[in-house]
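Notes for the one structure printed next.
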Amino acid sequence: MGLLDELKQRVLIADGAMGTLLYSHGIDRCFEELNLSKPEEIVHIHEAYIAAGADVIQTNTYGANYVKLARYGLEDEVPSINRAAVRLAKQAANGRTHVLGTIGGLRTLNKSAVPLEEVKRTFREQLFVLLAEGVDGVLLETYYDLEELETVLTIARKETTLPIIAHVSLHEVGVLQDGTPLADALARLEALGADVVGLNCRLGPYHMLQSLEEVPLPTRAFLSAYPNASLPDYRDGRLVYETNAEYFEETAKAFRDQGVRLIGGCCGTTPKHIEAMARALQDRKPVTKKTVKRRAVSVSVQADNPSAVTPLSELARTRRSVIVELDPPKQLGIDKFLVGAKALHDAGIDALTLADNSLATPRISNVAVGSIVKEQLGVRPLIHITCRDRNLIGLQSHLMGLHTLGITDVLAITGDPSKIGDFPGATSVYDLSSFDLIRLISQFNEGLSYSGKPLGQKTNFSIGAAFNPNVRHLDKAVERMEKKIQCGAHYFLTQPVYSEEKIVEVYEATKHLHTPIYIGIMPLVSARNADFLHHEVPGITLSDEIRARMAACGNDPVQATREGIAIAKALIDAAFDLFNGIYLITPFLRYDMTVELIRYIHEKEAAAKERKVVHG
Ligand SMILES: Cc1cc2nc3c(=O)[nH]c(=O)nc-3n(C[C@H](O)[C@H](O)[C@H](O)COP(=O)(O)OP(=O)(O)OC[C@H]3O[C@@H](n4cnc5c(N)ncnc54)[C@H](O)[C@@H]3O)c2cc1C
Ligand SMILES: [Zn+2]
């Protein structure tokens, strides 16, 4: 009888973990390669699960895809490893047991780590081998990212009429990491043609059962669950699970009562766990009715402190807006910095932007000085946040801290890599890319953490992103902007631009976006500064004319300052009618220069208004 016909009649027992049982071969090795080098051991594990009572087993192919095998230099072995896996599982099954061809998810926390095109290519290759070898069904398991699972399920559904089992994995009870409730996700998978929908891994029975309480019985499909043995413990560099096989006896009944028809195990489970479940469900009688629990926590909470100030993106949409960067000091003591911040504030700025250890060199925390300028001077701080210095835990804690301090303006960037800074040996974290960070902040604005857990409040961050127009292919940089907008960016700040032609070029290349851009302008301070930027900073090119003007100042600092300001004013003139937003970068704490430029912008603005009145 086919798998689905059997599921119509009774609860089926699946197998448990494969990887966990192969740990003894070393945690850093490729478990799927053992299909080739230790086939008898794989057969032995399958047989142990069948002997324990499994009606359904899965091939040892969880990570047998191009991306994961490439980590071991085995990318050319996708066909051989998958072929061997099906043969070994079929040999063990010997016609008594259904054999599912397993394909595991690629994306875990970092959505951008594997682009969808790569997901599709990798998936197809593995799927075709498994189907060609004659599996009885396909098991898509450990998908944290619903977009990825929907994508691969759609492909699989087109390619085969065999049963498809689609499993998501959760970090939190009842929700996926993008905040989608489990019930909605499973309904979407059923609508895309999955025959069995459910969840595996990460959670032990307790949290998985809690998650399932909110899930109704599917209309056509069946429910499945492959819990981990427990929550993991970390000992001596490896994940360890409780050896609690007896606990699975009670657990199996509870899963059945939630409407689950296919029950197996994931990480930490062994044939003993499966045996306990098979024993508990000897009659295999399924439930056909279920009372669904309503979600206890509503995530649609309001922002706790709705921002009283207009977001910078809105300002730049409706009027001239000037923001100025003044970087926190590299040494202790902020007196001079505060004098500069006050001077800029008095000159009339909309926000003070504070870099996050730019050029990967430590400075006083921008949150500390941001909070001080906000409280003491009434200045609006715009806090840069890099992905370099904080892991996913640190970033979320940082965002919660900013929200708590009432700071809502942030710039989400990748960050200069550590190796260019004062501590080249320091790790660059990069758990997230700038795209992921923008998405994370957007999700905070929905009241959800990265794992989908409710935060209790919605944040109201206004999300800036970086745009570097000083690149060879401007169209590629604009594509990155478009992607950042899709991820939730509200506006952009550019790297400093040093030619009037470039300003026009940027305008032409971005005018279709309708997303405000603050154009970056940084006054030059000396001929050496100009040469350094031109020759040594990747992507920045100064025109011959500008370099000649700075060179003509020789070593005279007063003249160089005057010339640097004159050049910056000419750039402001070029940008004035094209961009509402101007982002001035203060070089070397020389706020006297940026103050003069702020005044220049305001005077220009006043003159333009006057002209309008006269002519209007
Ligand atoms: C306004 C602004 C503020 C900044 N503030 C800080 C700061 O506070 N602290 C700090 O450490 N750094 C800062 N930087 C520097 C920035 O983090 C680095 O330049 C970083 O490499 C780019 O980050 P991103 O978020 O702009 O780029 P992303 O768009 O996230 O790009 C990240 C990486 O992708 C690659 N890339 C980018 N564009 C292209 C392209 N067109 N084609 C191919 N590959 C590309 C590059 O390798 C780049 O490093 C700032 C940059 C800008 C523009
Ligand atoms: Zn698992």
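Given the structure is predicted, the values throughout are model-derived calculations rather than measurements. Whatever order the structure lists ligands and atoms in, that order sets their numbers, starting from 1.
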**Message:** Can you confirm whether the side chains of Gln443 and Tyr450 place a donor and an acceptor under 3.5 Å from each other?
**Reply:** no

**Prompt:** For Gln258 and Val215, what are the C-alpha separation, side-chain angles and deciding distance, and is it a side chain to side chain contact (heavy atoms under 4.5 Å, CB included)?
**Reply:** CA-CA 8 Å; Gln258 287 303 327; Val215 176; over 6 Å; no

**Request:** With Arg320 as the cation and Phe576 as the aromatic partner, state whether NZ or CZ is under 6.0 Å from the six-membered ring centre and within 45° of the axis.
**Result:** yes

**Message:** Is Arg388 close enough to touch ligand 1? Criterion: a residue heavy atom under 4.0 Å from a ligand atom.
**Reply:** yes

**Asked** For residues His273 and Asn244, is any side-chain donor paired with an opposing acceptor at under 3.5 Å?
**Response** yes

**Prompt:** Is atom 30 (O) of ligand 1 less than 4.0 angstrom from at least one protein heavy atom?
**Reply:** yes

**Message:** Please give me the minimum heavy-atom distance between Val152 and Phe123, naming the atom from each residue.
**Reply:** O-CE2, 3.3 Å

**Message:** Looking only at distances, can you tell me whether any N or O atom of Ser434, backbone or side chain, sits closer than 3.5 Å to an N or O atom of ligand 1?
**Reply:** yes

**Pair Asn445-Ser442, side-chain donor/acceptor within less than 3.5 Å** = no

**Message:** To check your reading of the model: name the closest protein heavy atom to atom 16 (C) of ligand 1, its residue, and the distance in Å.
**Reply:** Asp416 OD1, 3.9 Å

**Request:** Please indicate how many protein N/O/S atoms are found closer than 2.8 Å to the Zn ion (ligand 2), with waters neither displayed nor included.
**Result:** 3

**Request:** Show your reasoning for whether side chain to side chain contact (heavy atoms under 4.5 Å, CB included) applies to Leu584 and Ile601.
**Result:** CA-CA 11 Å; Leu584 300 174; Ile601 296 168; 4.1 Å; yes

**Prompt:** What atoms of ligand 1 come closer than 4.0 angstrom to any heavy atom of Asn357?
**Reply:** 11 (O)

**Asked** Judged by non-hydrogen atoms, does Phe435 sit under 4.0 Å from ligand 1?
**Response** no

**Complete:** Of all protein heavy atoms, the one nearest atom 5 (N) of ligand 1 is His384 ND1, 3.0 Å

**Request:** Using a strict cut-off of 4.0 Å, indicate which atoms of ligand 1 neighbour a heavy atom of Ala355.
**Result:** 8 (O)

**Message:** For atom 23 (O) of ligand 1, what's the nearest protein heavy-atom neighbour? Residue, atom name and distance, please.
**Reply:** Thr414 CB, 3.7 Å

**Prompt:** Yes or no on salt bridge (Lys or Arg N to Asp or Glu O under 4.0 Å) for Lys272 and Glu275, after CA distance, side-chain angles and deciding distance?
**Reply:** CA-CA 5 Å; Lys272 283 205 161 57; Glu275 196 178 16; over 6 Å; no

**Complete:** Of all protein heavy atoms, the one nearest atom 21 (O) of ligand 1 is Gly415 O, 4.3 Å

**Request:** Within a distance under 4.0 Å of any heavy atom of Tyr583, pick out the atoms of ligand 1 and give their elements.
**Result:** 1 (C)

**Message:** Check for me whether Ser433 has a heavy atom closer than 4.0 Å to any atom of ligand 1.
**Reply:** no

**Prompt:** N/O to N/O below 3.5 Å, does that happen between Thr494 and ligand 1?
**Reply:** no

**Request:** Would you list the pairs meeting ring pair (Phe, Tyr, Trp, His ring centres under 6.0 Å) in which at least one residue belongs to residues 469-499, sequence neighbours left out?
**Result:** Tyr491-Tyr518

**Request:** State whether the number of non-hydrogen atoms from other residues, nucleotides or ligands found under 6.0 Å of Lys374 atom NZ is greater than 12.
**Result:** yes

**Asked** Would a 4.0 Å cut-off, counted as strictly less than, catch a protein heavy atom around atom 37 (C) of ligand 1?
**Response** yes

**Message:** Just to confirm my output: which protein heavy-atom neighbour is closest to atom 6 (C) of ligand 1, and how far is it?
**Reply:** Ile413 CD1, 3.1 Å

**Prompt:** For atom CD of Glu482, is the number of surrounding heavy atoms from other residues, nucleotides or ligands below 6.0 Å larger than 12?
**Reply:** yes

**Prompt:** Looking at ligand 1, does Lys484 have a heavy atom less than 4.0 Å from it?
**Reply:** yes

**Request:** Would you indicate which of His473, Arg480, Lys483, Met481 comes nearest to atom 28 (P) of ligand 1 when only heavy atoms are counted?
**Result:** Arg480

**Request:** Establish, from distance only, whether the side-chain atoms of Thr142 and Asn200 form a donor-acceptor pair under 3.5 Å.
**Result:** yes

**Message:** Protein heavy atoms near atom 34 (O) of ligand 1, is at least one of them under 4.0 angstrom away?
**Reply:** yes

**Prompt:** Who's the nearest protein heavy-atom neighbour of atom 9 (N) of ligand 1, and how far?
**Reply:** Asp356 O, 3.0 Å

**Asked** Without hydrogens or angle criteria, can the side chains of Asn65 and Thr122 be said to hold a donor-acceptor pair below 3.5 Å?
**Response** no

**Contact atoms of ligand 1, heavy-atom distance to Gln495 under 4.0 Å** = 19 (O), 53 (C)

**Asked** Which option out of Gly520, Ala466, Pro469 puts a heavy atom nearest to atom 52 (C) of ligand 1?
**Response** Ala466

**Request:** Could you verify whether a donor N or O on one side chain and an acceptor N or O on the other, from Glu141 and Thr102, lie under 3.5 Å apart?
**Result:** no

**Asked** For atom 1 (C) of ligand 1, which protein heavy atom lies nearest, and how many Å away is it?
**Response** Leu493 CB, 3.6 Å

**Request:** Determine, counting only non-hydrogen atoms of the protein, whether one lies under 4.0 angstrom from atom 43 (C) of ligand 1.
**Result:** no

**Complete:** Among non-hydrogen protein atoms, atom 3 (C) of ligand 1 lies closest to Leu411 CD2, 3.5 Å

